[in-house]
Amino acid sequence: MKKVILLAMIFFSILIVPSFNAKADSSQLLFQRVETKPEVVQPGQQFKINFFLKNTSDDSIRDINIKLASIEGKNALSGFSPVNSTNEVYSSKINKGNTAVLSLDMIADSQLKTGTYNVVINISYKYNDAIVQDSKIIGIVIDNQANLAITSMDSSDTGNNTRNLKLAFVNASKGNLDQVMVKVTSNDKEYSKYYGSLEAGDDETYEVTLPFTKDINGKVEVSYKDELNRDGVVSKDLNIKKSASATDKKVSTDKKGGLSSIGDFFKRLFGLGD
């Protein structure tokens, strides 16, 4: 009799224990793609993560939960925070063959450096009364947008048919710039100087003496590579008009004065008036 009671208790215990499956088999839920808006995020910027999901199973999937767990290799979600929510997003149901888009609003820390940050996400959902759990890694691209500015460009006459050109520029980016070089073209002649790296906030100047026998037409360019090794350049047109110099004006006046003197001589010689 005791054996019968024991077997009955075991049977009913099995019935009331819920089915649980922690097996990492998420083949029923397809991540079609994951995107950030904008695609490249700047430090301190708010952005959105969109998860495009599809139910590829033969039944409904329920209680879908996606959680941003941590930065790969760390125990916390360092550098990223949710905006007006938690770091989890939930959907109650995705029917067979249907798709869904789940989104999270986030903000990047203002001190993040340029690079790709791998974020571990944990996924769980119910399928056929079993709980399926899995994890994936998504990449968030952070970019300190390059901002190199020419702050001034002045020229002054040095005499001897030359003109001194002086320009100033600054790295107004949050990150460093490399392979910085200034190039000046003036009437098909080229002048340049290599500066190398400029840290955030650094400023530099460049001076060059240009031939000035005629109008100067050309361009000033400052080129660089940003932290993602992309080429960049800022430029300004260079146009300086050559006006008559004081020497030219004096020569013209002297010639005119000489002719006037000769005319006065002949007028006095022949007794002619003005």
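This is a predicted model, so every value here is computed, not measured.
Shown here are the salt bridge (Lys or Arg N to Asp or Glu O under 4.0 Å) partners of Glu227, two or more places apart in sequence or in another chain: there are none. Considering only residues two or more places apart in sequence or on other chains, Tyr195 meets the ring pair (Phe, Tyr, Trp, His ring centres under 6.0 Å) condition with Phe169. With sequence neighbours excluded, the residues satisfying salt bridge (Lys or Arg N to Asp or Glu O under 4.0 Å) with Asp231 are Lys225. Applying the side-chain contact (heavy atoms from CB on, under 4.5 Å) criterion to Gln42, with sequence neighbours excluded, gives Gln45, Gln145. Residues passing the salt bridge (Lys or Arg N to Asp or Glu O under 4.0 Å) test with Lys126 are Asp63, sequence neighbours excluded.
Atom CZ of residue Arg62 and atom CG of residue Asp59 lie 7.5 Å apart, to the nearest 0.5 angstrom. Rounded to the nearest 0.5 angstrom, Asp154 CG and Lys166 NZ are separated by 8.5 Å.
Residues Phe51 and Leu77 share a hydrophobic cluster, clusters being chains of Ile/Leu/Val/Met/Phe/Trp/Tyr side chains in contact below 4.5 Å. In this structure, Ile138 is a member of the same hydrophobic cluster as Tyr117, with clusters built from ILVMFWY side-chain heavy atoms closer than 4.5 Å. No path of Ile, Leu, Val, Met, Phe, Trp and Tyr side chains, each step under 4.5 Å between heavy atoms, connects Val120 with Val132, placing them in separate hydrophobic clusters.
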Would you list the atom pairs, donor with acceptor, under 3.5 Å between side chains in residues 100-110 and any protein atom, with sequence neighbours excluded?
from	atom 1	to	atom 2	distance (Å)
Ser103	OG	Asn50	OD1	2.6
Asp105	OD1	Lys48	NZ	2.7
Asp109	OD1	Gln111	N	2.7

Using distance only, find each side-chain donor-acceptor pair of residues 66-74 under 3.5 Å and give its atom names and separation, not counting sequence neighbours.
from	atom 1	to	atom 2	distance (Å)
Ser70	OG	Lys74	O	3.4
Glu72	OE1	Asn118	ND2	3.1

Please set out all donor-acceptor pairs under 3.5 angstrom arising from side-chain atoms of residues 180-193, sequence neighbours excluded.
from	atom 1	to	atom 2	distance (Å)
Thr185	OG1	Lys219	N	3.2
Thr185	OG1	Lys219	O	3.4
Asn187	OD1	Asn217	N	3.0
Asn187	ND2	Asp215	O	3.0

Could you pull out all donor-acceptor pairs under 3.5 Å where a side-chain atom in residues 201-210 meets a protein atom, sequence neighbours excluded?
from	atom 1	to	atom 2	distance (Å)
Asp202	OD2	Glu199	N	3.1
Glu207	OE1	Asn164	ND2	3.3

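The cationic group of Lys37 does not satisfy the cation-pi geometry with Phe47, failing either the under 6.0 Å distance to the six-membered ring centre or the 45° limit from the ring axis.
None of Gln133, Lys93, Gln28 except one satisfies the side-chain hydrogen bond (donor to acceptor under 3.5 Å, both in side chains) rule with Tyr125; the exception is Gln28.
Leu238 has its side chain within reach of Ile216: a pair of non-hydrogen atoms, C-beta onward, lies under 4.5 Å apart.
Pairs engaging residues 132-159 under the ring pair (Phe, Tyr, Trp, His ring centres under 6.0 Å) rule: none recorded [sequence neighbours left out]. Under the ring pair (Phe, Tyr, Trp, His ring centres under 6.0 Å) criterion, no residue pair touches residues 219-240, with sequence neighbours excluded. Among residue pairs with one or both ends in residues 139-149, those qualifying as salt bridge (Lys or Arg N to Asp or Glu O under 4.0 Å) are Asp143-Arg230; sequence neighbours excluded.
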Checklist entry - So Leu29 and Thr56, side-chain contact (heavy atoms from CB on, under 4.5 Å) or not? Walk me through it. => result CA-CA 6 Å; Leu29 183 63; Thr56 59; over 6 Å; no

Next on the checklist: Determine whether Leu165 and Met153 satisfy the following criterion, side-chain contact (heavy atoms from CB on, under 4.5 Å), listing intermediate values before the conclusion.
Outcome noted: CA-CA 7 Å; Leu165 176 69; Met153 187 171 73; 3.9 Å; yes

Item to check | Check against side-chain hydrogen bond (donor to acceptor under 3.5 Å, both in side chains), Asn161 and Thr213 | outcome: CA-CA 5 Å; Asn161 289 322; Thr213 57; over 6 Å; no

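Nearest heavy-atom pair across Asn122 and Ser135 is OD1-CB, 3.6 Å. Minimum heavy-atom separation, Asn176 to Ala200: OD1-N, 3.4 Å. For the pair Ile94 and Ile64, the tightest heavy-atom approach, listed with the atom from each and the gap, is CG1-CD1, 3.7 Å.
Checked by atom type and distance alone, the side chain of Thr114 pairs as donor or acceptor with a backbone atom of Asn144 at under 3.5 Å. Between the side chain of Asn171 and the backbone N or O of Ser173, at least one donor-acceptor pair lies under 3.5 Å.
Residues Ser60 and Asn95 have side chains that bring a donor and an acceptor to within less than 3.5 angstrom of each other. Between the side chains of Asn65 and Glu88, at least one donor N or O lies within less than 3.5 Å of an accepting N or O. Between the side chains of Thr162 and Asn160, no donor-acceptor pair is found at a separation under 3.5 Å.
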